[in-house]
Amino acid sequence: MRIFNGFVLVLAAAFATAAPANMLNDRDRAAIEALERRVVPLPGPRVPGDGPAPLARRMAERNVPAVSVAYIENGRVKWTRAYGEAVAGSGRAATPDTLFQAASMSKAVAAAGALRLVDRGRLSLDEDVNQRLRGWRVPDAPEASSERVTLRRLFSHTAGLSVAGYPGYAVGAGVPGIADSLAGRPPANTAPVRAFAVPGAQLAYSGGGYSVAQLLIAEQAGGDFARAMRDAVLRPARMTRSTFDQHLSAHAAHGHDAQGVPVPGGAHAYPELAAAGLWTTPADYGRFLIALQESWAGRRGALLTWQSARAMMAPVQAHYGLGVMIGNSDGRTIVTHGGSNEGFQCRFVAFLDGAREGLVIMTNGDNGGALAAAIQRTIADAYGWGNTSLPPVPRAPDE
């Protein structure tokens, strides 16, 4: 395909390390070599004879122009790599500093920001959010119950609210405020968020629930959710390149459809910031994961108190905590999540114990999800992690 002309040259040129090469050990070098030369077959129907293949081939097979990866260990970003083009056919190489949409990986950042407000006594995890909401109110559940919608239930997808995810807004389209999005008022392109189940009764993935949390946080922070997240999470976690600003940066990758064609205008805007609105790099998101690992360990001055970290990374129902999924890999506790926006796919996994390792993978193609899963498995095998994938969460209805 034309958009992959010169791809191997871009692949060879567009990489950088977060640490000098002499600080990488044999396991690190083997993991990087596996990433570049021996990516395992992608999930889905297997092609006869398909074995491990170079990353360049995998990217071309799935029309994914760029892949960016960061590996963390013992409280630092140990290495990063970026491959391909930020915009297909442009010749602009993706680098470790290229911004990608984090999509649903934004949810963990939003949950951590709310917990910072809980730690300061400004919010409560278990208070009825309707007691504080001013610009919109959570609708009544379909049957009478004394159970109420709380921040803990919103962030764990157990609030019984609809709207699983958001399509975003193309360049030139009207973009609603968060209250209009919740109410389904024009120019919103999603249905109103409604209650379809008694709060606490079931796990059902709901971006709409995160929009409720966004409105509550914004109202508590003077109306500006992005600024609240900057002050509560991005700055303390040293995520210096990250932003919830929806204006496309010159340093950002463009999204691409399943055929590798750029999304018109570069990317959709997501006013539903808590659910899907973060722009970041794998290294920056790795710093966020390090902040969570330090909080889990109860370190003085960590992003969250020990109590809030335990609340965030404890399953509420099934394997979902607050903004993260929690699992087990060969006896070690992991947190993980993926993300899918128009033209972007990403995922992360981080260990809470031992060497506190972790991995962040970001891509700028609609087919990047399967590729990211294969990369995660490839690097997990290289580091001897075992299985680091978890089953998906059931989705809430969109109507």
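The model shown is predicted, which means the values in this text are computed figures rather than measured ones.
Distance OG1/Thr190 to CD/Glu399: 9.0 Å, rounded to 0.5 Å. Note: Tyr83 OH to Glu36 CD = 3.5 Å, rounded to the nearest 0.5 Å. Thr280 contributes atom OG1, which lies 10.5 Å from atom CZ of Phe100 (distance to the nearest 0.5 angstrom). Here Thr281 contributes atom OG1 and Met239 contributes atom CE; the two are 7.5 Å apart, rounded to the nearest 0.5 Å. Within the model, atoms CZ of Phe351 and CZ of Arg356 stand 13.5 Å from one another, a figure rounded to the nearest 0.5 Å. Atom NE2 of His319 sits about 5.0 Å away from atom CE of Met325, to the nearest 0.5 Å.
Listed here is the closest heavy atom pair of Gly277 and Gln246: O-NE2, 2.7 Å. Nearest heavy atoms, Val87 versus Pro262: CG1-CG, 4.4 Å. Listed here is the closest heavy atom pair of Asp180 and Ala188: O-CB, 3.8 Å. Scanning all heavy atoms of the two residues, the minimum distance from Leu203 to Ala318 falls at CD2-CB, 3.7 Å. Heavy atoms only, all atoms of each residue included: Ser295 and Leu303 are closest at OG-N, 3.5 Å. Across Ala195 and Ala141, no two heavy atoms sit closer than the pair CB-CA, 3.8 Å.
Within a 6.0 Å sphere centred on CZ of Arg238, heavy atoms belonging to other residues, nucleotides or ligands number 12 at most. Around CZ of Arg27, the count of heavy atoms belonging to other residues, nucleotides or ligands within 6.0 Å exceeds 12. Atom CD of Gln131 is surrounded by more than 12 heavy atoms from other residues, nucleotides or ligands within 6.0 Å.
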### Query
Would Val335 and Phe348 count as a side-chain contact (heavy atoms from CB on, under 4.5 Å) if you check the C-alpha gap in whole Å, the side-chain angles of each, and the deciding distance to 0.1 Å?
CA-CA 8 Å; Val335 292; Phe348 76 82; 4.2 Å; yes

### Task
Dump the intermediate steps for side-chain contact (heavy atoms from CB on, under 4.5 Å) on Lys78 and Leu24, then the final yes or no.
CA-CA 8 Å; Lys78 196 172 186 187; Leu24 302 181; 4.1 Å; yes

### Criterion side-chain contact (heavy atoms from CB on, under 4.5 Å) on Asp366 and Val263, from CA distance to verdict
CA-CA 10 Å; Asp366 273 345; Val263 171; over 6 Å; no

### Query
Please walk me through it: do Leu216 and Val212 pass side-chain contact (heavy atoms from CB on, under 4.5 Å)?
CA-CA 6 Å; Leu216 177 61; Val212 177; 5.7 Å; no

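Side-chain atoms of Ser156 and Gln317 include no donor-acceptor pair closer than 3.5 Å. With 3.5 Å as the limit, one finds no donor-acceptor pair spanning the side chains of Tyr270 and Ser106. Between Asn341 and Tyr166, the side chains place no donor N or O within less than 3.5 Å of an acceptor N or O (distance only, hydrogens not considered).
Between the side chain of Thr333 and the main chain of Leu352, no donor-acceptor pair closer than 3.5 Å is present. Side-chain N or O atoms of Arg81 include none that pairs as donor or acceptor with a backbone N or O of Ser68 at under 3.5 Å. Using a distance-only test at 3.5 Å, with no hydrogens or angles considered, no donor-acceptor pair links the side chain of Asn367 to the main chain of Val64. The backbone N or O of Asp97 lies less than 3.5 Å from a partner atom in the side chain of Arg241, making a donor-acceptor pair. Formation of a donor-acceptor pair under 3.5 Å by the Gln293 side chain with backbone atoms of Glu357 is found in this model. Here the side chain of Ser162 pairs no donor or acceptor atom with the backbone of Asp398 at under 3.5 angstrom. With hydrogens and angles disregarded, a donor-acceptor distance shorter than 3.5 Å links the side chain of Arg134 to the backbone of Glu219. No donor-acceptor pair under 3.5 Å is formed between the side chain of Glu147 and the backbone N or O of Val198. No donor-acceptor pair closer than 3.5 Å links the side chain of Asn130 to the backbone N or O of Arg137. Of the possible polar contacts, one joining the Thr378 side chain to the Val40 backbone as a donor-acceptor pair under 3.5 Å is found.
Ion pairing between Asp119 and Arg116 fails under the 4.0 Å rule for side-chain N and carboxylate O. Here Glu61 pairs with Arg57 in a salt bridge; the nearest charged N to carboxylate O distance falls below 4.0 Å.
The closest side-chain heavy-atom distance from Trp385 to Gln376 is not below 4.5 Å. Proximity of Trp79 to Arg29: side-chain heavy atoms (C-beta onward) are nowhere separated by under 4.5 Å. Using a 4.5 Å heavy-atom threshold, the side chains of Leu115 and Leu125 count as touching. Proximity of Pro192 to Arg194: side-chain heavy atoms (C-beta onward) are nowhere separated by under 4.5 Å. Side-chain contact between Leu55 and Leu371: present, with at least one pair of heavy atoms (C-beta onward) separated by less than 4.5 Å. With a 4.5 Å cut-off on side-chain heavy atoms, Thr336 and Thr388 do not count as touching. Side-chain contact between Phe244 and Arg230 is absent, with no heavy-atom pair separated by less than 4.5 Å. Leu278 places a side-chain heavy atom less than 4.5 Å from the side chain of Tyr285.
Val193 and Val175 fall into different hydrophobic clusters, defined by Ile, Leu, Val, Met, Phe, Trp and Tyr side-chain heavy atoms under 4.5 Å apart, directly or through other members. Residues Phe196 and Val393 do not share a hydrophobic cluster, clusters being chains of Ile/Leu/Val/Met/Phe/Trp/Tyr side chains in contact below 4.5 Å. Tyr169 and Ile178 are members of different hydrophobic clusters when ILVMFWY side chains are connected at heavy-atom separations under 4.5 Å. Both Leu304 and Val316 are assigned to one and the same hydrophobic cluster, defined by single-linkage of ILVMFWY side chains at heavy-atom distances under 4.5 Å.
A centroid separation of 6.0 Å or more is found between the aromatic rings of His268 and Phe344.
The one candidate from Arg148, Arg153, Arg152 that meets the salt bridge (charged side-chain N to carboxylate O under 4.0 Å, His left out) condition with Asp126 is Arg152. When each of Leu289, Val360, Ile72 is checked for a side-chain contact (heavy atoms from CB on, under 4.5 Å) with Val77, only Ile72 meets the rule.
Residues satisfying the salt bridge (Lys or Arg N to Asp or Glu O under 4.0 Å) test with Arg235, not counting sequence neighbours, are Asp231. For the ring pair (Phe, Tyr, Trp, His ring centres under 6.0 Å) test, residues two or more places apart in sequence or in another chain that qualify with Tyr210 are Phe155, His157.
Using the six-membered ring where Trp is involved, His337 and Tyr205 have ring planes that are tilted, between 30° and 60° apart.
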